[in-house]
Asker: 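Please read through the structure below; I'll follow up with questions.
Both ligands and their constituent atoms are indexed starting at 1 by order of listing.
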Amino acid sequence: MPLLISLKTHYGEHSMTSVGKCNLRNPLLGRRLRLGFVGGGRGGLVGQWHSAGARLSNHWEVLAGALSSDPDNAHASAAEWMIATNRSYSDWNEMAEAEAERDDGIEAVSIVTPNWTHHRIAAAFLKAGIDVILDKPMTTTVSDARELLELQRATGRVVVMTYPHAHHAMVRQAKHMIRNGAVGTIRQAHVEYAQEWATSPVPDRGKGAIWRRDPEKVGRASTTADVGTHAYHLLHTMTGQDIASVRAEFHNCGAPQPMEDTAFVNFRLENGAPGILWVTQAAPGQYCGLRIRVWGDKGGLDWDQEKPEVLRYVPLGEQEQIFIRGRGNGILPEAERLTHLPRGHGEAAVDAWANLYAEAGVAIASRRAGYALPEGSVELSGAEDGLKGMLFIDACADSHESGGSWVALKQ
Ligand SMILES: NC(=O)c1ccc[n+]([C@@H]2O[C@H](COP(=O)([O-])OP(=O)(O)OC[C@H]3O[C@@H](n4cnc5c(N)ncnc54)[C@H](O)[C@@H]3O)[C@@H](O)[C@H]2O)c1
């Protein structure tokens, strides 16, 4: 079948040993995949980043959507997204059923709605046979996350969790440098995510500022679930190690709210190395300050999301080395394949989203074609990672509620 041959040819040419040459902007099936959205309409925050990334990736065409819980907003937003009227839905359940019936129905759905809706919506699309791209945190409870993981396994569909920071070229560079021994044995790690938006009550911050602090809606933690999961995921991705246990304290350092806007988390990695994970949304002057530092017995690495093209590396006893995103000059093939413009022409957050959607496109196209991708062809986060995020939140909440005792992360 020509389809499969071209797929095999693609990976034959770009085998694991020369993975750096693989062009992630080439759709594997020779066409774009059909994508739908739940959420993302006017007034929503993250939907526009997803849709920008999907379009830039060249792997997706956005053809259907239930873009808002408000029908007028849903249809008005669909018109702006150039979604045909008969594929703009006011109800995501109706969308899952109708799209599964169509010969040209969507092949994946992006779910960009608030946390407490993720479980039901993702389950409905998986049951309809549609692959799922789901924003974090996966759900609001560990039991819902376990159920979604089981459903993903039972249906054999793909679930991609959207942790975009892991798709920056220089995060990939750091991850593979660590795998290749650049820092030696990891001895400690610090990761932080600092924002300012919750410092004072700001009425026009949008609905997201309200539901993020509502324990009825988001579960046991707020900032720890919102940006703590990003910090945890980045740490896990870059170091290749999970957090084994945590000792957490939640605080309200900004405008009075029913839930925490700040968390201080001491942790131990699987190898016993200690570290600190600090997240806050109440630090004036901090915009999107996701920063990670990893130190081992042979060197240290430092990456900052606000300067995503730069990776600082200091081999012990030597001068520091600054790696700048681009081709050559020490950039590894795994990072080169996430790089698109020459050095000096800036790439940032939307490019990371595009890389995520490109890797998701490769994984979903391969599943649809029945082709098993060689290991390492794409580096995505799946349903297991979604569950891990929920286990991290739960352990932090347990620790905080117990007055700061050490709590092991469950499996
Ligand atoms: N991956 C990231 O970097 C990142 C960044 C920000 C937010 N998020 C996550 O994205 C999700 C959405 O966050 P946000 O800040 O965009 O929220 P938001 O409140 O700004 O937007 C939510 C969107 O979902 C729509 N929606 C709500 N219920 C719906 C329903 N039943 N049917 C259809 N649409 C519905 C709303 O109309 C809106 O468009 C959250 O889970 C959040 O944690 C992820």
Side-chain angles (χ1 to χ4, degrees), residues 36-54 64-78 80-81 83 88-96 109-122 124-125 132-140 144-145 160-168 171 193 195 197-198 204-214 217-219 221-234 237 279 281 287-288 290 305 308 348-350 352-357 360 380-381 385-386 389-390 393:
F37 266 77
V38 181
R42 287 178 183 172
L45 176 69
V46 80
Q48 48 196 310
W49 308 342
H50 278 257
S51 63
L67 298 184
S68 170
S69 48
D70 166 30
D72 289 341
N73 182 331
H75 297 312
S77 302
E80 285 170 7
W81 288 34
I83 289 172
S88 165
Y89 303 88
S90 51
D91 179 295
W92 50 264
N93 241 323
E94 186 198 333
M95 172 175 159
V109 65
S110 289
I111 301 168
V112 296
T113 54
N115 309 359
W116 72 94
T117 64
H118 291 178
H119 173 251
R120 279 179 304 141
I121 302 175
F125 280 89
V132 165
I133 299 171
L134 176 60
D135 220 317
K136 44 52 60 180
M138 187 183 211
T139 58
T140 53
D144 280 354
V160 173
M161 293 301 305
T162 52
Y163 290 106
H165 311 296
H167 300 265
H168 279 285
V171 169
Y193 202 152
Q195 300 178 325
W197 63 265
D204 62 359
R205 284 278 324 162
K207 286 184 192 163
I210 298 165
W211 65 251
R212 278 175 168 78
R213 296 287 181 260
D214 183 346
K217 299 220 159 113
V218 295
S222 180
T223 295
T224 311
D226 194 32
V227 292
T229 45
H230 278 304
Y232 161 68
H233 181 267
L234 182 63
T237 299
V279 286
Q281 292 172 318
Y287 309 119
C288 204
L290 174 62
Q305 195 276 153
V350 172
W353 280 101
N355 287 333
L356 187 161
Y357 269 90
L380 285 162
S381 304
D385 300 283
M390 295 310 302
I393 296 166

Asker: For atom 17 (O) of ligand 1, find the nearest protein heavy atom and state the residue, atom name and distance (0.1 Å precision).
Answerer: Trp211 CZ2, 3.5 Å
Asker: Closer than 4.0 Å to some heavy atom of Pro164 - which atoms of ligand 1 meet that?
Answerer: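 Counting atoms of ligand 1 from 1, those under 4.0 Å from Pro164 are 1 (N), 3 (O).
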Asker: Do the side chain of Glu94 and the main chain of Tyr89 share a donor and acceptor less than 3.5 angstrom apart?
Answerer: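 Checking the backbone N and O of Tyr89 against the side chain of Glu94, no donor-acceptor pair under 3.5 Å is found.
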Asker: Does an N or O from Thr113, backbone or side chain, lie closer than 3.5 Å to an N or O of ligand 1?
Answerer: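 Yes.
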Asker: Could you walk me through whether Tyr163 and Thr229 pass the side chain to side chain contact (heavy atoms under 4.5 Å, CB included) check?
Answerer: CA-CA 9 Å; Tyr163 290 106; Thr229 45; 4.1 Å; yes
Asker: Short list, please: which atoms of ligand 1 are under 4.0 Å from a heavy atom of Ala66?
Answerer: 33 (C), 34 (N)
Asker: Quick one: do the Tyr357 and His167 side chains pair a donor with an acceptor below 3.5 Å?
Answerer: no
Asker: For ligand 1, is any non-hydrogen atom under 4.0 Å from Trp49's backbone (N, CA, C, O), its side chain (CB onward), both, or neither?
Answerer: side chain
Asker: Are side-chain heavy atoms of Lys136 and Tyr232 found at a separation under 4.5 Å?
Answerer: no
Asker: What verdict does the side chain to side chain contact (heavy atoms under 4.5 Å, CB included) test give for His50 and Asp135, after you've listed the backbone C-alpha separation in whole Å, the side-chain angles of each residue and the deciding distance to 0.1 Å?
Answerer: CA-CA 9 Å; His50 278 257; Asp135 220 317; 2.7 Å; yes
Asker: Between His230 and His165, what is the ring plane arrangement, given parallel below 30°, perpendicular above 60°, and tilted in between?
Answerer: perpendicular
Asker: Please determine whether side chain to side chain contact (heavy atoms under 4.5 Å, CB included) holds for the pair Leu356 and Val160, giving the CA-CA distance in whole Å, both sets of side-chain angles, and the decisive distance to 0.1 Å.
Answerer: CA-CA 9 Å; Leu356 187 161; Val160 173; 4.1 Å; yes
Asker: Could you identify the single nearest non-hydrogen protein atom to atom 20 (O) of ligand 1 and state the distance to 0.1 Å?
Answerer: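 Result: Leu45 N, 3.0 Å.
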Asker: Tell me, which protein residue and heavy-atom name are nearest atom 37 (O) of ligand 1, and how many Å apart are they?
Answerer: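 Answer, as residue, atom name and distance: Ser68 OG, 3.2 Å.
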Asker: State the atoms of ligand 1, each with its element, that fall below the 4.0 Å cut-off from a heavy-atom position in Arg212.
Answerer: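 So the answer, numbered in order with elements, is 6 (C), 7 (C), 13 (O), 15 (O), 42 (C).
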Asker: List ligand 1 atoms under 4.0 Å from Gly41, heavy atoms only on the residue side.
Answerer: 39 (O)
Asker: Is Asn115 in contact with ligand 1, taking contact as a heavy-atom separation below 4.0 Å?
Answerer: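 True for this residue.
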Asker: Looking only at the side chains, is there a donor atom on one of Ser222 and Arg213 sitting less than 3.5 Å from an acceptor on the other?
Answerer: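 Side-chain D/A pair, Ser222 to Arg213: present.
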Asker: Which residue and atom name correspond to the protein heavy atom nearest atom 4 (C) of ligand 1, and how close is it?
Answerer: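 Here the nearest protein heavy atom works out to Val46 CG2, 3.5 Å.
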Asker: With heavy atoms under 4.0 Å as the rule, classify the contact between Asp91 and ligand 1 as side chain, backbone, both or neither.
Answerer: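 Under 4.0 Å from ligand 1, Asp91 contributes no heavy atoms.
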Asker: Going by the atom numbers of ligand 1, which of them fall below 4.0 Å from some non-hydrogen atom of Thr162?
Answerer: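 By the 4.0 Å cutoff, the relevant atoms are 1 (N).
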Asker: Taking only heavy atoms of His118 into account, list the atoms of ligand 1 that are under 4.0 Å away from them.
Answerer: 41 (O)
Asker: Which residue and non-hydrogen atom of the protein lie closest to atom 1 (N) of ligand 1, and at what distance in Å?
Answerer: Asp135 OD1, 2.8 Å
Asker: Heavy atom to atom 29 (C) of ligand 1, shortest distance: which of Ser77, Ala209, Ser69 holds it?
Answerer: Ser69
Asker: Counting from 1, what ligand 1 atoms have a heavy atom of Trp92 closer than 4.0 Å?
Answerer: 31 (N), 32 (N)
Asker: Quick test: of every protein heavy atom, which one is nearest to atom 25 (C) of ligand 1, and how far off is it to 0.1 Å?
Answerer: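 In this structure, atom 25 (C) of ligand 1 has Gly39 CA, 3.7 Å as its nearest protein heavy atom.
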Asker: Heavy atoms, side chains only, cut-off 4.5 Å: are Ile83 and Leu67 in contact?
Answerer: yes
Asker: Does ligand 1 have an atom under 4.0 Å from some heavy atom of Pro137?
Answerer: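 Right, Pro137 reaches ligand 1.
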Asker: What residue and atom, counting heavy atoms only, is the protein's closest point to atom 12 (C) of ligand 1, and at what distance?
Answerer: Val112 O, 3.3 Å
Asker: So, do His233 and Ser381 sit near enough that their side-chain heavy atoms are less than 4.5 Å apart?
Answerer: yes
Asker: Specify side chain, backbone, both or neither for Phe37, according to which of its non-hydrogen atoms lie closer than 4.0 Å to ligand 1.
Answerer: neither
Asker: Does the side chain of Asn115 come within less than 4.5 Å of Met138's, by heavy atoms?
Answerer: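 No; the side chains remain at least 4.5 Å from each other.
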Asker: List the steps and the verdict of side chain to side chain contact (heavy atoms under 4.5 Å, CB included) for Tyr193 and Leu234.
Answerer: CA-CA 11 Å; Tyr193 202 152; Leu234 182 63; over 6 Å; no
Asker: Is the closest heavy atom of His230 to ligand 1 under 4.0 Å?
Answerer: yes
Asker: Who's the nearest protein heavy-atom neighbour of atom 38 (C) of ligand 1, and how far?
Answerer: Gly44 CA, 3.9 Å
Asker: Report yes or no: does Thr224 contribute a side-chain atom to a donor-acceptor pair with the main-chain N or O of Ile393 at less than 3.5 Å?
Answerer: no
Asker: Answer with yes or no whether His165 contacts ligand 1, where contact means a heavy atom under 4.0 Å from a ligand atom.
Answerer: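 No, that is not the case, since the closest heavy atom of the residue is not under 4.0 Å from the ligand.
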Asker: How are the rings of Trp49 and Trp353 set relative to one another: parallel (under 30°), tilted (30 to 60°) or perpendicular (over 60°)?
Answerer: tilted
Asker: For Lys136, is at least one N or O under 3.5 Å away from an N or O on ligand 1?
Answerer: yes
Asker: Considering the heavy atoms of Pro114, write down every atom of ligand 1 situated less than 4.0 Å from one of them.
Answerer: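 Counting atoms of ligand 1 from 1, those under 4.0 Å from Pro114 are 22 (C), 24 (O), 27 (C).
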Asker: Say you draw a straight line from CH2 of Trp116 to OG1 of Thr139; how long is it, rounded to the nearest 0.5 Å?
Answerer: 14.0 Å
Asker: When only distance counts, is Gly40 in polar contact with ligand 1, meaning an N/O pair under 3.5 Å?
Answerer: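 There is such a contact, yes.
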Asker: Taking a cutoff of less than 4.0 Å between a non-hydrogen atom of the residue and any ligand atom, is Leu67 in contact with ligand 1?
Answerer: yes
Asker: Within this structure, what is the OG-CD distance for the pair Ser51 and Glu80, rounded to the nearest 0.5 Å?
Answerer: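 It comes to 11.0 Å.
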Asker: Is it the side chain (CB and beyond), the backbone, both or neither of Ile121 that lies under 4.0 Å from ligand 1, heavy atoms counted?
Answerer: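 Answer for Ile121: neither.
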Asker: Find the distance between OH (Tyr287) and CD (Gln305) and round it off to the nearest 0.5 Å.
Answerer: 14.0 Å
